[in-house]
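In this chain, numbering begins with 1 at the start of the sequence shown.
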Amino acid sequence: MKRAIRTDNAHRVEGLHALRRELVRGPDDRATRAQHAKGKLTARERIGLLMDEGSFRETEPLRRHRATGFGVETRRPHTDGVITGWGTVHGRTVFVYAHDFRIFGGSLGEAHANKIHKLMDKAVAVGAPLVALNDGAGARIQEGVTALAGYGGIFQRNTRASGMIPQISVILGPCAGGAAYSPALTDFVFMVRGTSHMFLTGPDVVQAVTGAEVTHDGLGGADIHATASGVAHFVYHDEAVCLEEVRYLLSLLPQNNRQHPPAGPGTDPGDRPCETLLDVVPTDGKRAYDMRRVVTEIVDDRDLLEVQEHWATNIICALARMDGEVVGIVANQPQTLAGVLDVKAAQKAARFVQMCDAFNIPIVTLLDVPGFLPGVGQEHGGIIRHGAKLLYAYCNATVPRVSVVLRKAYGGAYIVMDSHAIGADLTYAWPTNEIAVMGAEAAANVVFRRQIAAADDPEAMRTRLVKEYRAELMHPYYAAERGLVDDVIAPADTRRVLVRSLAMLRAKHADLPARKHGNPPQ
């Protein structure tokens, strides 16, 4: 009798599961074909590429909206246009939500937003990264202000989770209006060329208000946000590559602010010499070179993930490993604008330093900086305010910080770029370094202006005084003699010295001041 009851119950359970599978099957094949015709994957296909195979567990797949009127009461599909859940990436828990453009264009309504709110709360409670796969038409007009309130709840949770768990936004379709503010509040933004578009007001509104005609790509496409606005941190040609790079980024980040990034295998010897650096960096401070070659030479397996690679290219910000441990690297790029700091470079580096500090990632700074970019445009654009952002970020950072002066480090830019004076734990310099208020030529023109003017041969006098100034105040060991540099090292030893220094600093602890929060420059 018991066996018969058990068999009957098993049939009923299987029947209910079959019904559930039918209910959450999703839109018909025509909607899927339309999505594919745009060069876009479906929400479930995207999750399948992001998560470890078979690890995804969906939440609230049977959720439906309860709105009435304006035609939506006859269309109440399950999931309500967003798939939420958790799984693993490289074996570690990750929460994800993905807009399903095939259902109401992925637009956000009350039920849709509530699913996301719950997922975000779980991610913070568990202490695991959150990935948002954005492909939606914004607020659901049929649900009015309720939909707008749903966005407010997302923004509030983005802000509360900031610095607690990594938040990654992947733009895989439209992301317009208020919806664009959620990605802007997260740590990293990925976009795909040709299909990703993000803006507050669309081309039609722009034309109606300003008269300017602009395409979706021209207004808010991937390349625009990668090169002009700086909104996009990473840009790729297709979704599969993009999602694979999201997986790679997650492998470099900790689960939350209470953990350290996962250590790698450390297959590249920490004491590997870097002899080629002598050929990469010219001793002549006026000659340009690619700082990226220096970075790739000193990191594990010459592999790095550059952040905002195409924006503010006079500074490099990258994540990499050294002896298996994750590090953040900030480096001036002499190949662009001679490596000077300007408004954009300061913004880019400041945000990167803050991210590293929030998630326990040590910071290595490579200096070759002639100063701040002069000019009316920079001053009126707020270079003082934006430069202070970078200064504040470094001064506020408590993670291990090691800096290396490769060639020149002049003026305020030297101080701002994590000098000993603002709290760098260790500072090294190559034998070719020049640390000074300004270059020898400019300094001599200021200090010896009268002597040069009164000389019978002003040019010969200037040349002699420049040479004397450089010998007295800018020789490679001047800063080391005064304790501003911990040691002068051979370029070939750079990797070995950095690896050993970071290993020593791994147990660093810093007590924070008793305050609610600071008030950084904006």
Side-chain angles (χ1 to χ4, degrees), residues 59-60 63 82-87 89 92-99 108-134 136 138-139 145-171 175 177-190 198 200 231 233 246 249-250 252-261 307 328 347 350-361 389 392-393 396-399 512-522:
T59 60
E60 299 191 82
R63 189 68 182 265
V82 65
I83 299 168
T84 58
W86 77 90
V89 174
R92 298 190 300 157
T93 300
V94 172
F95 289 80
V96 62
Y97 69 86
H99 298 134
L108 181 139
E110 180 189 25
H112 182 123
N114 193 250
K115 289 177 65 175
I116 296 174
H117 295 169
K118 288 182 179 180
L119 188 83
M120 296 177 78
D121 291 340
K122 283 188 178 72
V124 171
V126 170
L130 174 71
V131 178
L133 305 181
N134 294 267
V145 72
T146 306
L148 294 178
Y151 274 123
I154 293 174
F155 303 157
Q156 182 190 47
R157 287 166 173 81
N158 283 140
T159 304
R160 288 185 176 179
S162 181
M164 294 178 65
I165 59 171
Q167 299 181 81
I168 299 173
S169 297
V170 189
I171 314 303
C175 184
Y181 279 116
S182 179
L185 290 169
T186 60
D187 300 300
F188 299 98
V189 176
F190 287 73
M198 185 162 46
L200 294 181
V231 171
H233 296 81
V246 175
L249 174 61
L250 286 167
L252 298 172
L253 300 175
Q255 289 292 89
N256 53 63
N257 64 325
R258 302 182 302 277
Q259 298 182 13
H260 290 278
V307 179
Q347 290 177 317
R351 185 86 196 288
F352 183 77
V353 168
Q354 287 176 173
M355 183 280 299
C356 289
D357 187 51
F359 295 116
N360 306 310
I361 300 173
K389 290 180 182 178
Y392 188 99
N396 201 48
T398 60
V399 293
L512 296 174
R515 61 181 178 182
K516 187 175 181 181
H517 56 74
N519 186 23
Q522 297 297 323

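- At least one donor-acceptor pair under 3.5 Å links the side chain of R92 to the backbone N or O of L250.
- For the pair V124 and A161, the tightest heavy-atom approach, listed with the atom from each and the gap, is CG2-CB, 3.7 Å.
- Within the 4.5 Å cutoff, no side-chain heavy atoms of V126 are placed close to those of W86.
- A 4.5 Å side-chain heavy-atom check between Q255 and I165 finds every atom pair outside the cut-off.
- Not counting sequence neighbours, the partners of N396 by the side chain to side chain donor-acceptor pair (under 3.5 Å) test are R515.
- Listed by chain and number, the residues in a side chain to side chain donor-acceptor pair (under 3.5 Å) with S162 amount to none (sequence neighbours excluded).
- The side-chain heavy atoms of T186 and N158, taken from C-beta on, include a pair separated by under 4.5 Å.
- Put simply, the side chain of T84 gets close to the backbone of T59: a donor and an acceptor are under 3.5 Å apart.
- Separation of atoms CD (Q156) and OG1 (T159) is listed at 8.0 Å; rounding is to 0.5 Å.
- Note on ring orientation: taking the six-membered ring where Trp is involved, the planes of F155 and Y181 are perpendicular (angle over 60°, cut-offs 30° and 60°).
- Residue S169 comes nearest to P183 through the heavy atom pair OG-CA, 3.3 Å, listed as atom of the first residue, atom of the second, then distance.
- For the atom pair CZ of R157 and CD of Q167, the computed distance is 12.0 Å after rounding to the nearest 0.5 Å.
- Between the CG atom in D121 and the CZ atom in R160 there is a gap of 8.5 Å [rounded to 0.5 Å].
- In this structure, CD1 in I83 is found 12.5 Å from CG in L119, a value given to the nearest 0.5 Å.
- Side-chain contact between R351 and V307 is absent, with no heavy atoms from C-beta onward closer than 4.5 Å.
- Summarising the geometry of N256 relative to G127, their closest heavy-atom pair is ND2-O, 2.9 Å, with the distance given to 0.1 Å.
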Worked verdict on I168 versus H233 for side-chain contact (heavy atoms from CB on, under 4.5 Å): CA-CA 10 Å; I168 299 173; H233 296 81; over 6 Å; no

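- In this structure, the side chains of P521 and K389 come closer than 4.5 Å at one or more pairs of heavy atoms.
- When all heavy atoms of L252 and P261 are compared, the closest pair comes out as O-CB, 3.5 Å.
- Within the 3.5 Å criterion, the main-chain N or O of A179 finds no donor-acceptor partner in the side chain of S182.
- Contact check for N134 versus H99: side-chain heavy atoms found under the 4.5 Å cut-off.
- Interatomic distance, Y97 OH to I154 CD1, rounded to the nearest 0.5 Å: 5.0 Å.
- At least one donor-acceptor pair under 3.5 Å links the side chain of N360 to the backbone N or O of N257.
- With values rounded to the nearest 0.5 angstrom, F95 atom CZ is found 14.0 Å from K118 atom NZ.
- Between A350 and A393, the closest heavy-atom pair is O-CB, 3.6 Å.
- Contact detail for P166 and P254: the closest heavy-atom pair is CG-O, 3.3 Å.
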